[in-house]
S.K.: 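Sharing a structure here in structure tokens format.
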Amino acid sequence: MNAETLAPLRLALVGNPNCGKTALFNQLTGSRQKVANYAGVTVERKEGRLRGPSGRSYAVLDLPGAYSLNAASLDEAVARDVIRGCYPGEAAPDALVCVMDATNLRLHLRFALELRELGKPMIVAVNMMDAARRRGIGIDLVELERLLGVPVVETVAVRRHGARALVERIERMAEALHAPTQRLGKGADLHAETRRLLAATVRMPARTARIDDALDRWLLHPLFGLLALAMVMFLIFQAVYAWATPLMDLIDAGTAWLGETVGAVLPEGPLSSLLVDGIIAGVGGVIVFLPQILILFAFILALEESGYLPRAAFLLDRMMASAGLSGRSFIPLLSSFACAIPGIMATRSIQDPRDRLATILVAPLMTCSARLPVYALLIGAFIPQKTVWGVFNRQGLVLFGLYAAGVASALLVSWVMKQWRRDKGEHALLLELPSYRVPHARDLLIGLWERAMIFLKRVGGIILALTVLLWVLLYFPNGGADVTQSLAGRIGQALSVVFAPVGFNWQICIALIPGLAAREVAVSSLATVYALSTADDTAAAQALAPLINDGWSLATALSLLVWYIYAPMCISTLATIKRETNSWKQMAGATGYLFALAYAAAFATYQVAVLLGAG
């Protein structure tokens, strides 16, 4: 029978979280993949198609990350049931591809042994071999294959053709699918077997182990370790301002030049206003903050690559447990600094359902990157760029304070939730600490490029669309002659009655509405509002910061900063809460408590600032 006419062989990629499994899935299937949810749960299901050199087609399933078949989380339960062929409506895989991280085989080998006991045809893909070699780790793949009794191949999922050896093995396995595999006896000591395999096949450089031990003596110390973590976070926010300013000035000047050039070329009218006051002023007002966002991400990626993040989770476990969370909540909450959506999705690895729910509900309090443009705008406009004690940047101190306020608020809210819970027990945190490694420049650049593209796609998609929509509401029905009488102006003035106690003017109220779709849209919205409401033509190209500095009081600026610590100004985040909890009640509860916190905190900030003479 022709290979092309055979029924597709079902392959399941399985492995620990962060082993590069999804990158390998993308390498194998390319654009031929579909994403949905498993029936009855919120766990994501990814399936793609692979066509081998023989012409045979394979259905490739990317299973959720799991540490063991003894499931301790929803993700692990789904992976276990699919592998065993007992998940409702899901066909059992014909073969498994167990993906392991070559730099951390101690953890991954135990799971591979557990999978081998099932007796299914299996290939072991030792991924990230390039990273292992850079760190001096030697792995005898031939001996490992002999001892495991299953095929073992090397892969580098992030490189082109990095899965070629795996595809060749898959083709060979398809020809002899029913060949028996070696199995351990029931009740075998997997930990002892793992140690035996490591001793026989893996050579760790002694220098690496000595460096790890020396660093851990300080970085895992209960006092010095926490001080080191605080210093690292503090320096990150100092760098966000100190390093980004030249690039931001360049982008700001380019935006102003473009606005002036387009305004001079086009005749005055709706098209000129749309391009200059709407698109250039609005979108340019957001792009200017890209350098700060990338600097923040560069530090987060470097900390992740270095092996430091699991140690930070270990350090913070005791503090988080006292607040009703656990060290397992650290990675999802840290992910929420980039965006709350992947952070909320990452809570699937949290075993206790109450801990998971608490983490989901406080994740929006982490200062996501979409808030950064708002913070940067207000801090740049109202906080002088001076040094404190001759070392620290005052603007960086304020930014650090805003991030710290979000973290402190999350811990306080989770502590309150814990008091209401019947189960106040704590759950032990078990972590495998990887070896320290120097982040690879190529990996960092790839990560930064991906995040820059995500940001720019949002700018070119939803932000651009909402900016144009807002321009329409501001320009009509009177052609922008009097913005206060436009459709948006009337909406803003109606809302300003509600927000007057917190110091918000009608322009801010207008910006809050499109900001519901994405927080950073608030900056482009303000840029569009002020571009249309300025008295002369050239003012449309001016930077937004001087305009709000002239029109707002310090009390109003501080109130808006505090508002953005808490307000759930992102419909996508709320939709993710609904999807992950499968509860409209939980989504409504999160929305209500966050808005209530935002209003109360902004009200208190504004009133105190006015009393102190900042009004």
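Each residue takes its place number in the sequence, starting with 1. Nothing here was measured: the structure is a model prediction, and the numbers come from that model.
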S.K.: Is the shortest heavy-atom distance from the side chain of V362 to the side chain of Y593 under 4.5 Å?
M.R.: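 Answer yes - side chains close enough.
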S.K.: Applying side chain to side chain contact (heavy atoms under 4.5 Å, CB included), run through L558 and Y606 and close with a yes or a no.
M.R.: CA-CA 7 Å; L558 294 174; Y606 180 74; over 6 Å; no
S.K.: Which pair of heavy atoms, one from P364 and one from T573, lies closest together, and at what distance?
M.R.: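 In terms of heavy atoms, the two residues are closest at CG-CG2, 4.1 Å.
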S.K.: Does S559 use its side chain to pair, donor to acceptor, with the backbone of V502 at less than 3.5 Å?
M.R.: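 Confirmed, S559 side chain pairs with V502 backbone.
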S.K.: Distance check, rounded to the nearest 0.5 Å: C98 atom SG versus K120 atom NZ?
M.R.: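 It is 14.0 Å, given to the nearest 0.5 Å.
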S.K.: S409: which residues meet the side-chain hydrogen bond (donor to acceptor under 3.5 Å, both in side chains) condition with it, sequence neighbours left out?
M.R.: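 Here the qualifying residues are Y566.
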S.K.: On a heavy-atom basis, which atom in G65 and which in E76 lie closest, and how many Å separate them?
M.R.: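 It is O-CG, 4.1 Å.
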S.K.: Applying side chain to side chain contact (heavy atoms under 4.5 Å, CB included), run through V407 and L333 and close with a yes or a no.
M.R.: CA-CA 9 Å; V407 173; L333 293 181; over 6 Å; no
S.K.: Could you tell me which non-hydrogen atom of F111 sits nearest to which non-hydrogen atom of A66, and how far apart they are?
M.R.: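 Answer, listing the atom of F111 first, then A66: CE2-O, 3.4 Å.
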S.K.: Please check this pair: side chain of N16 against backbone of C19, looking for a donor-acceptor N/O pair closer than 3.5 Å.
M.R.: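 Absent.
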S.K.: Any sub-3.5 Å donor-acceptor pair from D101's side-chain atoms to H108's backbone N or O?
M.R.: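 No: the side chain of D101 does not pair with the backbone of H108.
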S.K.: Please report the interatomic distance CG(L361) to CE(M587), rounded to the nearest 0.5 Å.
M.R.: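 L361 atom CG to M587 atom CE measures 12.0 Å (nearest 0.5 Å).
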S.K.: Side-chain contact, heavy-atom cut-off 4.5 Å: V413 with L597?
M.R.: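 In short, these two side chains touch, coming nearer than 4.5 Å.
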S.K.: With no hydrogens and no angle check, is any side-chain donor or acceptor of E90 less than 3.5 Å from a backbone partner on G85?
M.R.: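 Side chain of E90 to backbone of G85: no pair is present.
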S.K.: Give a yes or no on whether the backbone of W552 and the side-chain of T556 come within a donor-acceptor separation of less than 3.5 Å.
M.R.: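 Looks like no, no N/O pair under 3.5 Å.
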S.K.: Does the side chain of L448 come within less than 4.5 Å of L301's, by heavy atoms?
M.R.: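 The answer is yes; the side chains approach within 4.5 Å.
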S.K.: Taking I360's backbone N and O only, do any of them form a donor-acceptor pair with E580's side chain (distance below 3.5 Å, no angle check)?
M.R.: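 No; judged by distance alone, with no hydrogens or angles, the pair does not exist.
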S.K.: Can you find a pair of side-chain heavy atoms, one from L512 and one from Y564, that are under 4.5 Å apart?
M.R.: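 Result yes, sub-4.5 Å side-chain heavy-atom pair found.
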S.K.: So N104 and M128, do their side chains get closer than 4.5 Å, heavy atoms only?
M.R.: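 A side-chain contact under 4.5 Å is absent here.
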S.K.: Rounded at 0.5 Å granularity, tell me how far CG in L526 sits from CG in L560.
M.R.: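 The CG atom of L526 sits 7.5 Å away from the CG atom of L560.
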S.K.: Any donor-acceptor pair under 3.5 Å linking the side chain of Q586 with the backbone of L357?
M.R.: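 Absent.
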S.K.: To the nearest 0.5 Å, what is the distance between CH2 (W415) and CG (L411)?
M.R.: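 Reported to 0.5 Å precision, the distance equals 12.5 Å.
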S.K.: For P93 and V82, which heavy atoms make the closest approach, and how far apart are they?
M.R.: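 The answer is CD-O, 3.1 Å.
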S.K.: Can you check side chain to side chain donor-acceptor pair (under 3.5 Å) on E114 and S68, steps first, answer last?
M.R.: CA-CA 7 Å; E114 199 174 351; S68 171; 3.1 Å; yes
S.K.: With heavy-atom distances below 4.5 Å as the criterion, would you say the side chains of L28 and V97 are in contact?
M.R.: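 Result no, sub-4.5 Å side-chain heavy-atom pair not found.
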S.K.: Report yes or no: does K21 contribute a side-chain atom to a donor-acceptor pair with the main-chain N or O of L63 at less than 3.5 Å?
M.R.: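 Indeed, once roles are kept as given, a pair shorter than 3.5 Å links the two residues.
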S.K.: Run the side chain to side chain contact (heavy atoms under 4.5 Å, CB included) check on L69 and R84 step by step: do they pass?
M.R.: CA-CA 10 Å; L69 294 177; R84 289 177 172 170; 4.1 Å; yes
S.K.: So do the side chains of L115 and V14 get within less than 4.5 Å of each other, counting heavy atoms only?
M.R.: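 The answer is yes, as the side chains (C-beta and beyond) meet within the 4.5 Å cut-off.
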S.K.: Just to verify, what does F499 make a ring-ring contact (aromatic ring centres under 6.0 Å, His included) with, not counting sequence neighbours?
M.R.: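 Testing F499 for ring-ring contact (aromatic ring centres under 6.0 Å, His included), a comparison that skips the adjacent residues, returns F504, W563.
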S.K.: Should L325 and D355 count as side-chain neighbours, where that means a heavy-atom distance under 4.5 Å?
M.R.: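 L325 vs D355: side chains apart.
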S.K.: With rounding to the nearest 0.5 angstrom, report the CD1 to CH2 distance, I510 to W506.
M.R.: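 I510 CD1 to W506 CH2: 4.5 Å, rounded to 0.5 Å.
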S.K.: Kindly say whether I565 contributes a backbone atom to a donor-acceptor pair with the side chain of R371 at under 3.5 angstrom?
M.R.: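 Here the side-chain-to-backbone pair exists.
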S.K.: Of all the heavy-atom pairs spanning Y599 and P501, show the shortest one and how long it is.
M.R.: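 In this case the closest contact between Y599 and P501 is OH-CG, 3.6 Å.
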S.K.: Let me see the working for L229 and L219 under side chain to side chain contact (heavy atoms under 4.5 Å, CB included), right down to the final yes or no.
M.R.: CA-CA 8 Å; L229 177 60; L219 295 179; over 6 Å; no
S.K.: What is the distance from atom CG of L412 to atom CE of M417, rounded to the nearest 0.5 Å?
M.R.: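 The CE atom of M417 is 10.0 Å from CG of L412, to the nearest 0.5 Å.
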